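Just so it is clear, the structure is predicted and the values come from calculations on it, not from any experiment. Start at 1 with the first residue, then count along the sequence.
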Amino acid sequence: MTPRDPHDADAAVTDSAAPLPPQAAPVPPEPQDGDLDPVVDPALDPDLEGGGDTGDTVLGRRYRALTLGIVTVVSLIAFEASAVNTAMPVAARALHGVELYAYAFSAYFTASLFAMALSGEWCDRKGPLAPLFTGIAAFAAGLLVAGSAQQMWMFVGGRAVQGIGGGLVIVALYVVVGRAYPQRLQPAVLASFSAAWVLPVIVGPLAAGTVTEQVGWRWVFLAIPVLVLPPLAVMLPALRALPPGERSAGMNRRRILLALAVAAGAGLLQYAGQDLDWLSLVPAAAGLALLVPCVLRLLPEGTFRAARGLPSVILLRGVAAGSFLGAESFVPLMLVTQRDLSATAAGLSLTGGGLTWALGSYTQSRPRLEPHRERLMGLGMLLIAVSIAAVLLALIDSVPAWIVAVAWVIGGYGMGLAISSASVLLLKLSGPEDAGSNSASLQVSDALGNITLVGLSGVLFVSFGGGDIAATGSTASHQPAAFGAVYVAMATVALMGAWVTTRLRPVTT
């Protein structure tokens with residue numbers, strides 16, 4: 001799994017009243033080259049009372065324990081995300097559940113969509129401690145369920161429990177940042193969220209591959225819960241000392257129910273996609289009946305017809321994230337079953353994409369490129385389409401398998417350009433009064449893009465014979481058409497995203 005820009009971290013679908021709620025206010029942008037340091041009035045910042053600089057930083061004495069705890073928790077989540085890509089091909093074949101391979105990924109995002117909405121409202125009502133610790137407990141429980149699964153459906157269920165935990169945690173952490181740190185330190189803390197992904201992206205595939213091959217895939221999941229305890233112990237005193245903040249009178253049940261309906265609808269559609277027969281039309285129809293009206297209420301009018309301006313920005317976010325992840329999820333499985341690579345080598349093929357994602361995000365932040373932002377996003381989507389299409393070449397035996405690593409370096413750079421630019425453009429097109437709801441819509445589009453397009457990849461994979469991949473024996477496992485269908489579809493979606501970038505500028509009057 002590739003890292004996310006700090007502006008793009010998963011957040012709640014909620015109208016929050018907390019000082020820095022995950023969706024009610026945009027994440028403060030990181031300083032860019034040429035920006036001047038803001039002048040802070042000591043009267044407005046208690047940390048600078050008396051006109052002197054206390055010397056506090058995010059790693060200073062006052063904030064060190066909390067910062068290290070937050071970074072460690074995010075790093076563990078990031079490590080697990082990158083490790084899953086490496087261990088999944090072996091786990092799916094061992095559990096005789098390759099036909100459910102895609103749902104092990106989409107189940108996480110489906111559950112986290114609901115959990116993010118719940119966590120935002122919960123944080124506003126009770127503060128971040130309860131959802132944070134509940135989320136960490138759920139994440140650990142999901143790891144244990146997945147690691148001890150005896151059947152693939154149980155493994156998918158464990159991933160869904162992980163998604164609930166991940167959704168609760170990431171939202172609560174954003175609220176913690178808003179309440180624990182002064183405004184002048186918040187950009188640095190939020191930048192650490194992104195930095196926390198770098199080392200796991202590099203180390204995760206190698207460590208997970210080694211564990212999978214030497215000890216067994218189950219320990220990739222079973223070992224992580226133990227590692228969660230030390231950062232919790234470090235963070236606990238600082239978390240207990242958090243200021244109470246403003247509390248809402250009650251939860252916005254409407255938004256929670258909408259998110260629940262979207263998750264349930266997406267789940268029914270994924271279930272229907274497992275068996276392409278007439279009976280599957282029943283859960284498919286029920287899923288659409290839940291999903292469509294709720295999504296229309298959560299996203300701006302005109303999103304699905306790519307109306308000019310903000311609706312196209314929000315649509316592009318889901319298209320970019322979903323097409324890339326829909327292809328990426330099947331890369332390790334393809335390399336293991338079609339090219340006989342080890343789990344370690346297959347996982348490492350995605351590492352370069354994580355690093356160039358960060359490079360692409362840095363590139364788009366350069367002030368001199370600001371007038372060309374829409375073109376940068378178009379270039380990013382084209383690079384994504386090219387990278388996915390290039391992976392098709394790896395299905396030809398005479399083409400070296402390292403073409404996948406090269407392709408993902410290109411795709412990661414495109415993602416950095418497109419995803420990060422979408423966040424910047426959204427804030428540019430949003431007024432102060434609607435920045436929160438628009439940010440929420442961006443995150444909903446991200447989650448829906450992942451759920452829908454990973455689910456579509458799974459349906460195509462099974463439809464073209466991917467479910468027949470044997471649990472053992474590389475020769476009997478060759479099903480190039482199943483992987484080819486996935487990559488052709490996702491490259492086509494990315495090309496559609498390139499067209500959407502021509503509609504990002506609002507109509508001027």
Side-chain angles (χ1 to χ4, degrees), residues 4-12 14 16-32 35-78 116 119-120 122-124 126-133 135-136 168-198 231-247 423 427 435-436 439:
R4 295 175 181 256
D5 186 84
H7 304 293
D8 308 321
D10 291 329
T14 178
S16 175
L20 183 63
Q23 289 295 356
V27 176
E30 296 176 42
Q32 301 182 358
D35 288 348
L36 297 178
D37 292 333
V39 177
V40 181
D41 185 348
L44 300 179
D45 191 340
D47 291 314
L48 298 181
E49 270 187 21
D53 188 348
T54 64
D56 277 341
T57 65
V58 293
L59 292 177
R61 178 178 54 83
R62 182 175 180 181
Y63 301 108
R64 184 184 301 123
L66 184 59
T67 301
L68 291 177
I70 289 174
V71 170
T72 303
V73 170
V74 175
S75 294
L76 288 173
I77 294 175
M116 287 187 290
S119 184
W122 195 355
C123 287
D124 286 351
K126 298 292 186 181
L129 266 68
L132 176 61
F133 281 90
I136 290 174
L168 291 173
V169 167
I170 197 65
V171 170
L173 286 180
Y174 268 71
V175 177
V176 167
V177 171
R179 294 188 180 181
Y181 295 87
Q183 189 172 8
R184 63 188 174 85
L185 294 182
Q186 288 172 8
V189 183
L190 294 170
S192 72
F193 278 42
S194 183
W197 279 82
V198 174
L232 287 182
V234 171
M235 294 168 63
L236 189 57
L239 291 173
R240 286 177 172 171
L242 284 178
E246 297 180 11
R247 302 291 175 87
S423 297
L427 296 181
S439 297

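- By the 4.5 Å heavy-atom criterion applied to side chains, Leu132 and Leu168 are not counted as neighbours.
- By the side chain to side chain contact (heavy atoms under 4.5 Å, CB included) test, Leu76 is found to be paired with Thr72, Leu227, Val228, Pro231, residues two or more places apart in sequence or in another chain being considered.
- Among all heavy-atom pairs drawn from Val169 and Gly135, the shortest one is CG2-C, 3.4 Å.
- Counting only heavy atoms from C-beta outward, the side chains of Ile77 and Ile170 never approach each other to under 4.5 Å.
- The two atoms that bring Cys123 and Pro131 nearest to each other are SG-CG, 3.5 Å, heavy atoms only.
- Closest heavy-atom contact between Tyr63 and Ala180: CE2-O, 3.2 Å.
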